[in-house]
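Notes follow once the structure below has been shown.
Keep in mind that this is a model prediction, so the values were computed, not measured. Per chain, numbering begins at 1; letters A, B, ... match sequence-line order.
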Number of protein chains: 2
Amino acid sequence: MTKQSQELTQKDTRERILDAAELMFMQHGYDGSSMRTVTSEAGVNLAAANYHFGSKEALMQAVLRRRLDVINQERMRLLDEAEAKAGGKPLKPSVIIDCFFGTLLRVAADQKAGGETFLRLLGRTITDPSDFIRTFMSSEYADVLERYKEALFRSLPDVPKAEIVWRFHFMLGATSYAITGTDSLRLVTDWQVDEGVAEQEENLLPRLMSFLLGGLRAPLPKIEISVEEAASAPFVK
Amino acid sequence: MTKQSQELTQKDTRERILDAAELMFMQHGYDGSSMRTVTSEAGVNLAAANYHFGSKEALMQAVLRRRLDVINQERMRLLDEAEAKAGGKPLKPSVIIDCFFGTLLRVAADQKAGGETFLRLLGRTITDPSDFIRTFMSSEYADVLERYKEALFRSLPDVPKAEIVWRFHFMLGATSYAITGTDSLRLVTDWQVDEGVAEQEENLLPRLMSFLLGGLRAPLPKIEISVEEAASAPFVK
DNA sequence: CTAGAATTAAAACGAACGTTTGAATTAGAG
DNA sequence: CTCTAATTCAAACGTTCGTTTTAATTCTAG
């Protein structure tokens, strides 16, 4: 059997498992989902999941990788493009933020039948307690995060780097929580009964963008920085 | 046996279970923690947990309630106090934000041996996939959220209420993610090896506060609002 | 068509799970 | 002290978990 035909025959089962796993992991979390519910939801045999992916952990990684690769490649491409166009000059913060967070929302919302689901899965995954997930996400994001941090440092030369790292951190949190959608605190209750899901995404992006930029460019807090702390501040290279 | 002596004798076991559960739930999540690891960590018999709390779900609720009650009562008290002092005039956004988010960080950080742990547990709990946790948090937070939303509406009369609700939502996300601490993406890597944990908390508050206020007061996004959407916007009463 | 690899299918494995049971132990009230 | 209720304890319950095994089936290259 050739490689090409393998992929064709596997594609059905593999992708059905990935789709079902994406949905179940989003709805019930990694620990809350079982291989049995995933495979039965996918309409395939239980053993097929272990045959194609090896283990539940590997399945989770495959679910995440399928979408994250696309998103992170697009993030890199857009930042390269913007920096090339700027010709050595620092980028505007709004451009950087849009490349990073805007890409996430746009790409994830674009992909038919799964983008929305993945977006919410990602929001939960970022705070997932499982060690292997945190390790995986860390390695998966290392390059792109380093790239964007450097871009922000150049973009905001007067802001301490430690402060930028903190605010990037806060922005990630606001975004991850925003896209989780199902508001655990029911802050937003009667939600889009008449309208489609797409419309929510459309409006989420500009709203979130305004918030993130406002936070990123907020006045610096007044903190007494001790000498020792300044020396050990993160990422002051 | 009198009620008082009951509480005294139960206190040891009950609180040891609560402390251990708080720690395990924080470290491994609700689904990732077992009654066996919790009770063995607490140094008590397995059945003691079900005896004192009835079930694993009830144990989780007791863990959350123990700290949330204190925090939310303090939130209510401070807002009452601030509004009484203002004498009918709207409060400044910074005051409201400090009452809500500042109280969380201060009270949780104050409580000896557990405040820090609970803070991180709460960060994860807010995005936990379990249905019963979301339901519990929703009901536990309903009153205080309603109170703070109203205060923000009065504080920012020119900002559409829907926008305020969105930004409250984003602020919750930034905070919950910020206090989760263990950065899943390792954005902050070499972290306070020399310094204690307390110092992180000290600096987190002003940093987070600046970010939240910047986001809250950011320029409004440009969104085309259709008539239908405006009519069904959340919480426009 | 046929040999052989790839895939699917059914069944079972041992381990870990939340919970329950019933006896043993502890502690306070009269 | 004695009786009774509260608590602790060891053991087991039935279920579900991720994974493995082994056989049946499907598909394709030659």
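- A salt bridge links A/Asp80 with A/Arg147: at least one charged nitrogen is closer than 4.0 Å to a carboxylate oxygen.
- Atom P of nucleotide C/dC17 and atom NZ of B/Lys56 are separated by 8 Å, given to the nearest angstrom.
- At the heavy-atom level, B/Thr37 lies nowhere under 4.0 Å from the strands shown.
- With rounding to whole Å, B/Asn50 atom CG is found 14 Å from C/dC17 atom P.
- In this entry the distance linking CG of A/Asp12 with C1' of D/dC27 reads 14 Å, nearest Å.
- Of the candidates D/dC9, D/dT19, C/dG18, D/dT19 carries the atom nearest the A/Leu46 side chain, counting heavy atoms from C-beta on.
- Under the 30°/60° scheme for interplanar angles, the aromatic rings of B/Tyr30 and B/Phe25 are found to be tilted.
- Neither OP1 nor OP2 of C/dA6 sits under 4.0 Å from any side-chain N or O of A/His52.
- The listed nucleotides are D/dT7, D/dG18, C/dT19; the one nearest the side chain of B/Arg36 is C/dT19.
- A salt bridge does not link A/Glu74 with A/Arg106: none of the charged nitrogens is closer than 4.0 Å to a carboxylate oxygen.
- Across all strands shown, A/Thr39 has no heavy atoms under 4.0 Å from either base or sugar-phosphate atoms.
- In this structure, A/Met24 atom CE and D/dC17 atom C1' are separated by 14 Å, rounded to whole Å.
- Inspection of the A/Arg75 and A/Tyr141 side chains reveals an N or O donor paired with an N or O acceptor under 3.5 Å.
- As a whole-Å value, the separation of B/Phe132 CZ from C/dG18 P is 11 Å.
- Residue A/Ala47 is in base contact, counting any heavy-atom pair closer than 4.0 Å across all strands shown.
- Across C/dT8, C/dT19, D/dT19, the shortest atom-to-atom separation from the side chain of A/Thr13 is found for C/dT8.
- Remark on DNA chain D: of its neighbouring residues A/Met35 and B/Ala48, the 5'-side contact belongs to B/Ala48, judged by nearest-heavy-atom nucleotide.
- One interatomic measurement links the two molecules: CG of A/Leu59 to P of D/dT19, which rounds to 10 Å at whole-angstrom precision.
- The phosphate of C/dC17 (OP1 or OP2) has a side-chain N or O of B/Ser34 nearer than 4.0 angstrom.
- Between the OH atom of B/Tyr30 and the C1' atom of C/dC17 there is a distance of 12 Å, given to the nearest Å.
- Between the OH atom of B/Tyr51 and the P atom of D/dT8 there is a distance of 7 Å, given to the nearest Å.
- Residues B/Ile179 and B/Arg120 come closest through the heavy atom pair O-CG, 2.9 Å.
- Closest to the side chain of B/Asn45, from the set C/dA10, D/dT7, D/dA10, is D/dA10.
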